[in-house]
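For reference, the structure is listed below as structure tokens.
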Amino acid sequence: MILEVFLKSVGELQSDEKRDGSGKWYARDLVFEANDNTLYRDTFVVRYTGEKAIEPALEVGKLYQAEISFSTRNYGERTFQDMWLRNLVAVDAPNAEEDKPF
């Protein structure tokens, strides 16, 4: 799914050793707000993984086009939704003064 979103916050870097012993994994949680021109915009968390998560070149409050993938996982009797960031591109909005994030 591709959405226009405002970046609200960038979480702390998380890392650990990969289970297969091939090095470390890196991840951050990013909080986005949908740019859908509604009064109560959707806000959601997306997982940002890989080497780019170490020092992301991201700007809070900036408008981006995000490609997000969804998956589910089960734990016990519950099902959880996971959202992963596949691609993120800054958007130069022609009416940037009118697009007010959060």
Side-chain angles (χ1 to χ4, degrees):
M1 173 182 282
I2 296 176
L3 297 170
E4 272 196 4
V5 295
F6 289 104
L7 179 60
K8 285 189 74 170
S9 69
V10 178
E12 294 294 320
L13 180 66
Q14 301 167 10
S15 68
D16 203 348
E17 295 296 322
K18 292 181 180 179
R19 290 183 189 170
D20 65 4
S22 64
K24 293 187 112 178
W25 59 261
Y26 300 96
R28 288 182 191 270
D29 290 329
L30 304 178
V31 178
F32 288 121
E33 183 177 90
N35 182 29
D36 59 4
N37 296 318
T38 60
L39 182 58
Y40 300 105
R41 295 178 179 178
D42 291 333
T43 302
F44 50 92
V45 177
V46 177
R47 193 80 165 155
Y48 189 38
T49 60
E51 296 289 325
K52 291 181 180 180
I54 296 171
E55 290 187 36
L58 303 175
E59 187 178 331
V60 172
K62 189 168 178 84
L63 183 63
Y64 291 93
Q65 185 178 55
E67 183 179 352
I68 301 167
S69 63
F70 300 84
S71 63
T72 59
R73 61 186 160 83
N74 296 313
Y75 182 76
E77 294 183 20
R78 292 197 55 201
T79 300
F80 295 89
Q81 179 72 59
D82 292 323
M83 297 171 57
W84 305 90
L85 185 63
R86 297 177 60 117
N87 194 26
L88 191 66
V89 177
V91 173
D92 293 324
N95 56 346
E97 297 301 317
E98 296 176 21
D99 286 336
K100 301 226 185 310
F102 39 95

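The basis for the numbers below is simple: all heavy atoms, side chains too, and nothing from hydrogens, waters or symmetry mates. Just so you know, these numbers come straight off a predicted model, no measurement behind them.
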Common cluster, [X]/[Y], ILVMFWY with side-chain heavy-atom separation under 4.5 Å:
| X | Y | result |
| --- | --- | --- |
| Phe32 | Met1 | yes |
| Ile54 | Val10 | no |
| Leu58 | Val31 | no |

Can you name the nearest heavy-atom pair linking [X] to [Y], along with the distance?
| X | Y | answer |
| --- | --- | --- |
| Ser69 | Arg86 | CB-CD, 3.4 Å |
| Ala34 | Phe44 | N-CE2, 4.3 Å |
| Gln81 | Ser71 | NE2-O, 3.0 Å |
| Ala66 | Val5 | CB-CG2, 3.9 Å |

Backbone N or O of [Y] within a donor-acceptor pair of the [X] side chain at under 3.5 Å?
| X | Y | value |
| --- | --- | --- |
| Tyr64 | Glu59 | yes |
| Glu67 | Leu85 | no |
| Arg28 | Tyr48 | no |

Practice item. Look up atom CD1 in Ile68 and atom CG in Leu88, then write down how far apart they are to the nearest 0.5 Å. Key: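 Result: 8.5 Å between the selected atoms.
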
Check your understanding: Quick one: CD on Glu33 to NZ on Lys8, what's the gap to the nearest 0.5 Å?
Key -> 5.0 Å

**Study point:** Among Tyr26, Trp84, Trp25, side-chain contact (heavy atoms from CB on, under 4.5 Å) partner for Thr49
**Key:**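 With Thr49 as partner, Tyr26, Trp84, Trp25 yield a single side-chain contact (heavy atoms from CB on, under 4.5 Å), made by Trp84.
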
Check your understanding: Are there more than 12 heavy atoms of other residues, nucleotides or ligands under 6.0 Å from atom OH of Tyr75?
Key -> no

Exercise for review: Please indicate whether Glu17 has more than 12 foreign heavy atoms, meaning atoms of other residues, nucleotides or ligands, lying under 6.0 Å from its CD.
Suggested key: yes

Review point. Hey, does Glu4 have a side-chain heavy atom less than 4.5 Å from the side chain of Leu63?
Key: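 Yes. Closest side-chain heavy atoms under 4.5 Å.
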
Check your understanding: Is there side-chain contact between Val46 and Met83, with heavy atoms separated by less than 4.5 Å?
Key ->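 Yes. Closest side-chain heavy atoms under 4.5 Å.
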
Exercise for review: For the pair Lys24 and Asp16, find out whether any cationic side-chain nitrogen is under 4.0 Å from an anionic carboxylate oxygen.
Suggested key: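 Result for this pair is no, no salt bridge flagged.
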
Exercise for review: Assess Arg73 against Phe80: is NZ or CZ under 6.0 Å from the centre of the six-membered ring, and within 45 degrees of the ring's axis?
Suggested key: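 Geometry flag: set, cation within 6.0 Å and 45°.
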
Review point. Run the side chain to side chain contact (heavy atoms under 4.5 Å, CB included) check on Gln65 and Val91 step by step: do they pass?
Key: CA-CA 6 Å; Gln65 185 178 55; Val91 173; 3.8 Å; yes

